[in-house]
Protein chains: 2
Amino acid sequence: MRDSAPRAVTAICQALEEQIEHGLLQAGHKLPAERKLSDVFATTRITLREALVQLEARGLVYREERRGWFISPPRLRYDLNARSHFHAMVQAQGRNAHTELLSAQAQPASAAVCGHLGLAPLSRVFSICRRRRIDGRLVLYVEHHLNPAFFPELLEHDLSQPLTELYARQYGIEYGQVRFEVAPTALGAQAAAALKVSAGSPGLRIVRVNRDRQGQVIDCDLEYWRHDAIALVATHG
Amino acid sequence: MRDSAPRAVTAICQALEEQIEHGLLQAGHKLPAERKLSDVFATTRITLREALVQLEARGLVYREERRGWFISPPRLRYDLNARSHFHAMVQAQGRNAHTELLSAQAQPASAAVCGHLGLAPLSRVFSICRRRRIDGRLVLYVEHHLNPAFFPELLEHDLSQPLTELYARQYGIEYGQVRFEVAPTALGAQAAAALKVSAGSPGLRIVRVNRDRQGQVIDCDLEYWRHDAIALVATHG
DNA sequence: GAGTGGTCTAGACCACCAA
DNA sequence: TGGTGGTCTAGACCACTCC
């Protein structure tokens with residue numbers, strides 16, 4: 001409980017933290033190479049990396065696979081009450097949003113997805129995978145799984161536009177009730193690769209199950225966020 | 001992206017995972033010593049520990065400071081819509097809840113707490129620190145900060161009982177609107193010590209700002225959860 | 001091609017927990 | 001008191017990024 005002689009890791013964390021707080025290192029700025037930093041702090045790479053991993057856990061720095069360590073930008077505020085989509089949310093906070101389509105296909109749904117959508121096992125669904133950036137930084141890997149009953153000929157349409165617009169314009173569907181499930185977990189292989197983070201790094205998993213105005217489940221989203229990229233906000237009562 | 005020869009860490013993770021899935025290792029069960037495990041997998045402690053840290057990030061195992069590694073129990077479902085308190089929530093899920101009072105005092109509030117409560121800087125508040133267990137496992141460190149205007153002579157009362165009951169019985173106060181802020185982060189020194197986890201391990205921070213039926217802010221809670229102990233659930237619209 | 005991060009080895013000492 | 005986890009050292013090789 002006592003720190004008579006503070007650990008090396010703690011000392012490194014505090015030093016870097018102070019630099020960040022005083023603005024000497026700014027959001028998005030790249031840190032020096034690990035070997036250089038371990039020289040600066042007169043320690044080994046292993047020890048230095050442990051300090052960086054702790055700062056990563058606290059959300060002060062992040063890494064891009066094989067590219068190095070960077071100073072984290074502020075978290076996006078994700079309001080569960082608001083009915084807005086990613087781009088609107090990001091732009092409302094004065095930041096730049098970008099979405100990239102990774103894949104779109106009809107395929108048999110996983111057991112979990114069948115459960116969320118209330119479909120029979122092995123039902124086919126439309127699955128759309130995308131990744132999203134805020135100010136250029138990869139922050140979100142998301143799989144949309146759509147109940148095909150509501151979306152005939154889905155794959156014929158332009159899927160690079162916001163889905164909510166496609167829903168409204170092509171199918172006359174608008175969101176009603178939304179159910180969220182949120183749990184901190186490690187990013188799986190797919191999400192990690194898409195976000196260019198090392199497999200097993202911490203993330204936040206958000207499952208959205210969306211209903212239309214009549215209360216029917218129309219689709220579900222599996223979102224995998226960099227853990228330090230968002231802060232959820234919700235009001236109840 | 002390819003795993004021609006899977007990493008040692010990955011192989012260890014998969015082996016342990018399989019044991020857990022097949023029920024050979026059950027919730028709460030303690031794993032063998034790190035040195036023994038590193039022998040079993042013919043690797044070094046460093047490598048073995050990295051595998052354990054990854055499983056920890058995924059919520060499959062957890063550790064208690066200086067006591068070893070254990071298999072994680074299922075997550076508690078924390079329903080943001082429900083108005084129930086910790087004990088009711090835990091018991092409703094067939095598990096055993098326990099609360100321990102760590103401290104209770106009147107003190108100047110931090111800047112963040114003043115902001116949440118809408119008080120002038122350096123206002124005095126009642127601060128109550130507790131830690132909570134599920135089935136004996138430490139999972140939550142929480143600080144309650146109460147606006148003293150609503151709670152005259154608070155410290156005279158029995159603070160080991162559920163606060164909601166105290167509010168209702170002694171002060172005639174019931175919760176109205178609740179606002180949540182949720183962010184994954186590392187556990188701070190205080191929370192880590194209280195939960196007996198190594199400082200800097202991953203956690204989930206939840207801030208609750210509670211209003212009464214008239215819409216006045218009466219208190220706020222700063223909750224620090226073991227990251228693998230809960231899954232949030234919320235419904236909107 | 002140089003330099004970087006990702007991964008791994010083979011030890012060591014200390015503080016603390018349990019017996 | 002013996003064994004454990006927490007911490008740290010001093011290297012190494014490889015795959016990839018970036019120039």
Side-chain angles (χ1 to χ4, degrees), chain A residues 1-16 29-57 61-71 136 138 186-187 189 192-193 195-202, chain B residues 1-15 29-57 61-71 138 186-187 189 192-193 195-202:
Chain A
M1 207 112 342
R2 188 63 21 79
D3 275 335
S4 52
R7 305 171 42 206
V9 167
T10 309
I12 298 171
C13 285
Q14 287 177 349
L16 289 174
H29 188 290
K30 185 175 187 306
L31 291 176
E34 292 180 358
R35 287 172 177 82
K36 282 183 185 154
L37 281 177
S38 58
D39 277 352
V40 168
F41 291 107
T43 184
T44 57
R45 259 182 86 201
I46 298 270
T47 302
L48 176 90
R49 275 174 72 92
E50 201 193 311
L52 290 173
V53 167
Q54 278 202 20
L55 292 177
E56 180 186 37
V61 305
Y62 69 98
R63 62 181 137 167
E64 288 180 28
E65 176 100 6
R66 294 201 167 278
R67 296 210 340 109
W69 297 85
F70 303 82
I71 306 297
L138 285 166
L187 296 176
L195 297 183
K196 295 188 181 169
V197 303
S198 44
S201 44
Chain B
M1 207 108 347
R2 187 65 23 77
D3 275 336
S4 52
R7 304 173 41 206
V9 167
T10 308
I12 299 171
C13 285
Q14 287 177 348
H29 187 290
K30 186 177 185 305
L31 292 177
E34 293 180 358
R35 287 172 178 81
K36 282 182 185 154
L37 281 177
S38 58
D39 277 353
V40 169
F41 291 107
T43 183
T44 58
R45 261 183 84 203
I46 297 270
T47 301
L48 175 90
R49 276 174 71 91
E50 201 193 311
L52 289 173
V53 167
Q54 278 202 21
L55 291 176
E56 182 186 37
V61 305
Y62 69 98
R63 62 182 137 168
E64 288 181 27
E65 176 102 7
R66 293 200 167 280
R67 294 208 343 107
W69 296 84
F70 303 83
I71 307 297
L138 287 166
L187 297 176
L195 297 182
K196 294 189 181 169
V197 303
S198 45
S201 43

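Reminder, nothing fancy here: chain letters follow the sequence lines and each chain counts from 1. Side chains included, hydrogens not; waters and symmetry mates left out as well; all remaining heavy atoms used.
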Between B:Glu56 and B:Trp69, a side-chain donor and acceptor under 3.5 Å
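No pair is found: no donor N or O on one side chain lies under 3.5 Å from an acceptor on the other.
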
For [X] and [N], what is the distance between atoms [atom1] and [atom2] respectively, to the nearest whole Å?
| X | N | atom1 | atom2 | answer |
| --- | --- | --- | --- | --- |
| B:Leu52 | D:dT4 | CG | P | 15 Å |
| B:Glu65 | D:dG5 | CD | C1' | 9 Å |
| A:Leu37 | C:dG3 | CG | C1' | 15 Å |
| A:Arg66 | D:dC18 | CZ | P | 11 Å |
| A:Glu34 | C:dT7 | CD | P | 11 Å |
| A:Lys196 | D:dC16 | NZ | P | 13 Å |
| B:Glu56 | D:dG5 | CD | C1' | 13 Å |
| B:Arg49 | D:dC8 | CZ | C1' | 11 Å |

With respect to the side chain of [X], which nucleotide from [options] is positioned closest?
| X | options | value |
| --- | --- | --- |
| A:Arg7 | D:dC8, D:dC18, C:dC17 | D:dC8 |
| A:Arg45 | D:dT4, C:dG5, C:dT9 | C:dG5 |
| A:Arg63 | C:dA18, C:dG6, D:dG6 | C:dG6 |
| B:Arg35 | C:dG11, C:dT4, D:dT4 | D:dT4 |
| B:Arg67 | C:dG6, C:dT9, C:dC17 | C:dC17 |

I'd like to know whether A:Arg63 forms a side chain to side chain contact (heavy atoms under 4.5 Å, CB included) with A:Arg49, so could you lay out the CA-CA distance, the side-chain angles of the two residues, the decisive distance to 0.1 Å, and finally the verdict.
CA-CA 11 Å; A:Arg63 62 181 137 167; A:Arg49 275 174 72 92; 3.5 Å; yes

Under 3.5 Å, side chain of A:Glu65 to main-chain N/O of A:Ser198, donor-acceptor pair present?
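Such a contact is found between A:Glu65 side chain and A:Ser198 backbone.
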
Would the distance check show the side chain of A:Ser38 and the main-chain N or O of A:Glu34 forming a donor-acceptor pair, the cut-off being under 3.5 Å?
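Yes, because the side chain of A:Ser38 sits within donor-acceptor range (under 3.5 Å) of the backbone of A:Glu34.
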
Nearest-nucleotide 5' precedence on DNA chain D, B:Ile46 against B:Ala33
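Looking at the nearest nucleotide for each, B:Ala33 comes out on the 5' side.
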
Determine whether A:Glu50 and A:Arg7 satisfy the following criterion, salt bridge (Lys or Arg N to Asp or Glu O under 4.0 Å), listing intermediate values before the conclusion.
CA-CA 12 Å; A:Glu50 201 193 311; A:Arg7 305 171 42 206; 3.3 Å; yes

N/O (side chain, [X]) to phosphate O (OP1/OP2, [N]) under 4.0 Å:
| X | N | result |
| --- | --- | --- |
| B:Thr47 | C:dT7 | no |
| B:Thr43 | C:dT9 | yes |
| A:Lys30 | C:dT4 | no |
| B:Lys36 | D:dT4 | yes |

